[in-house]
Amino acid sequence: MIFENIFITVGTTQFDALIQTILTEEIIQSFHKFKCKKITMQIGQGKIDDQAVQLLSKEFEIEVYALKPTILPDVKSADLVISHAGAGSCIEVLNAGKPLIVVVNEKLMDNHQLELAQKLSSDGYLFYCVPQTLATTLDGMDVTELKPYPKGNAKGFVKYLDEWMGFA
């Protein structure tokens, strides 16, 4: 598998565990195996070590930013997206037809993200993990196994969320 352009997004909040995991040697080696040339990281309200970014920039083209009005251009230009498990981010990436690994933030209370990630994974649309298992997920994934997300399925998604929240 070749993923020359990898996009990482943590959403609008803070998910430093994902950011720190991306900066580990194990993940960097996975990116090299994928022939990655560019890494774009949207870090929300999180923090990133400037030294780590400088070291990465010797191996990859790097772009790091907090927030933009839309991440859709970054999603569309990516060959692989690694994202937090926010519903909006998941659906945006799936609608763009990009391979997606969702990383669940285990520190969230009443973790609806885990349930969403499990459901979309069991339906064959994405892979999911936690920060500690991202390297294993990268090494073991086969994106040819993923099914395309059905376009215009917002009603089904809303129905699923309504049922899950107890509204229906």
Side-chain angles (χ1 to χ4, degrees), residues 1-13 15 17-22 24 26-44 60 70-168:
M1 291 179 289
I2 296 177
F3 302 117
E4 291 184 355
N5 187 352
I6 298 175
F7 176 54
I8 296 108
T9 177
V10 302
T12 58
T13 60
F15 191 4
L18 175 55
I19 295 167
Q20 295 308 315
T21 299
I22 294 297
T24 64
E26 197 172 17
I27 300 301
I28 292 167
Q29 289 307 314
S30 291
F31 289 175
H32 281 298
K33 289 178 194 170
F34 295 144
K35 309 279 191 250
C36 178
K37 293 181 181 176
K38 180 178 181 184
I39 299 171
T40 304
M41 295 178 68
Q42 181 272 316
I43 62 169
F60 308 99
T70 178
I71 62 169
L72 193 55
D74 293 317
V75 169
K76 286 184 175 180
S77 68
D79 300 310
L80 173 68
V81 178
I82 301 170
S83 175
H84 72 118
S89 295
C90 290
I91 298 307
E92 189 167 27
V93 174
L94 292 173
N95 279 334
K98 298 297 178 169
L100 174 61
I101 298 174
V102 167
V103 183
V104 176
N105 187 346
E106 299 171 293
K107 295 184 179 180
L108 294 178
M109 299 278 292
D110 188 28
N111 201 342
H112 64 280
Q113 288 189 357
L114 176 60
E115 293 176 10
L116 176 63
Q118 287 173 329
K119 174 64 175 157
L120 291 172
S121 176
S122 69
D123 288 348
Y125 301 124
L126 55 77
F127 300 102
Y128 84 95
C129 61
V130 294
Q132 300 86 344
T133 61
L134 177 58
T136 305
T137 301
L138 285 166
D139 288 341
M141 71 177 183
D142 179 357
V143 296
T144 63
E145 295 175 355
L146 294 176
K147 295 191 285 187
Y149 188 72
K151 300 282 184 195
N153 195 19
K155 289 182 182 179
F157 182 68
V158 170
K159 180 180 178 215
Y160 168 74
L161 283 180
D162 283 346
E163 288 171 359
W164 178 76
M165 297 293 289
F167 298 138

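Everything quoted here is computed from the prediction, not taken from an experiment. Below, each value reflects all heavy atoms present in this structure, side chains not excepted, and no hydrogens, waters or symmetry copies.
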Derivation and outcome, side-chain contact (heavy atoms from CB on, under 4.5 Å), residues L134 and I22: CA-CA 9 Å; L134 177 58; I22 294 297; 3.8 Å; yes
Verdict with supporting geometry, I28 and F60, side-chain contact (heavy atoms from CB on, under 4.5 Å): CA-CA 10 Å; I28 292 167; F60 308 99; 3.9 Å; yes
Test log, rule side-chain contact (heavy atoms from CB on, under 4.5 Å), inputs F3 and V143: CA-CA 11 Å; F3 302 117; V143 296; 3.8 Å; yes
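At distances below 3.5 Å, at least one donor-acceptor pair connects side-chain atoms of D142 with backbone N or O atoms of T144. Side chain of K76 to backbone of A96: no donor-acceptor contact under 3.5 angstrom is found. With hydrogens and angles ignored, the 3.5 Å screen pairs a side-chain donor or acceptor of D79 with a backbone N or O of N5.
Minimum interatomic distance between P131 and E106 (heavy atoms only, all atoms of both residues): CD-OE1, 4.3 Å. Between A85 and V102 the shortest heavy-atom distance is CB-CG1, 3.2 Å. The minimum heavy-atom distance linking Q113 with H84 is given by the pair NE2-ND1, 4.0 Å. When every heavy atom of M41 is checked against every heavy atom of I39, the shortest pair comes out as CG-CG2, 3.8 Å. Closest non-hydrogen pair, S30 versus A135, comes out as OG-O, 4.5 Å. Looking at every heavy atom in both residues, I27 comes nearest to T21 through CG1-O, 3.1 Å.
Two residues are said to be in side-chain contact when any heavy atoms from C-beta on lie closer than 4.5 Å; T136 and C129 fail this criterion. The shortest distance between side-chain heavy atoms of T137 and V103 does not fall below 4.5 Å. Using a 4.5 Å heavy-atom cutoff, the side chains of S83 and F15 are not in contact. Side-chain contact check for Y128 versus L116: every heavy-atom pair is 4.5 Å or farther apart.
Annotation: the span from E92 atom CD to T9 atom OG1 amounts to 8.5 Å, rounded to 0.5 Å. Interatomic distance, L114 CG to N105 CG, rounded to the nearest 0.5 Å: 11.0 Å. To the nearest 0.5 Å, the span separating CG on L138 from CZ on F127 amounts to 10.0 Å. Note that CD1 of I19 and CD1 of I43 are 5.0 Å apart. Values are rounded to the nearest 0.5 Å. Between atom CG of residue L80 and atom CD1 of residue I8 there is a gap of 8.0 Å, rounded to the nearest 0.5 Å. Rounding to the nearest 0.5 Å places CD of Q42 at 5.5 Å from CZ of F7.
Within a 6.0 Å sphere centred on NZ of K37, other residues, nucleotides and ligands contribute 12 heavy atoms or fewer.
The only member of L120, V93, L126 that meets side chain to side chain contact (heavy atoms under 4.5 Å, CB included) when paired with Y149 is L120.
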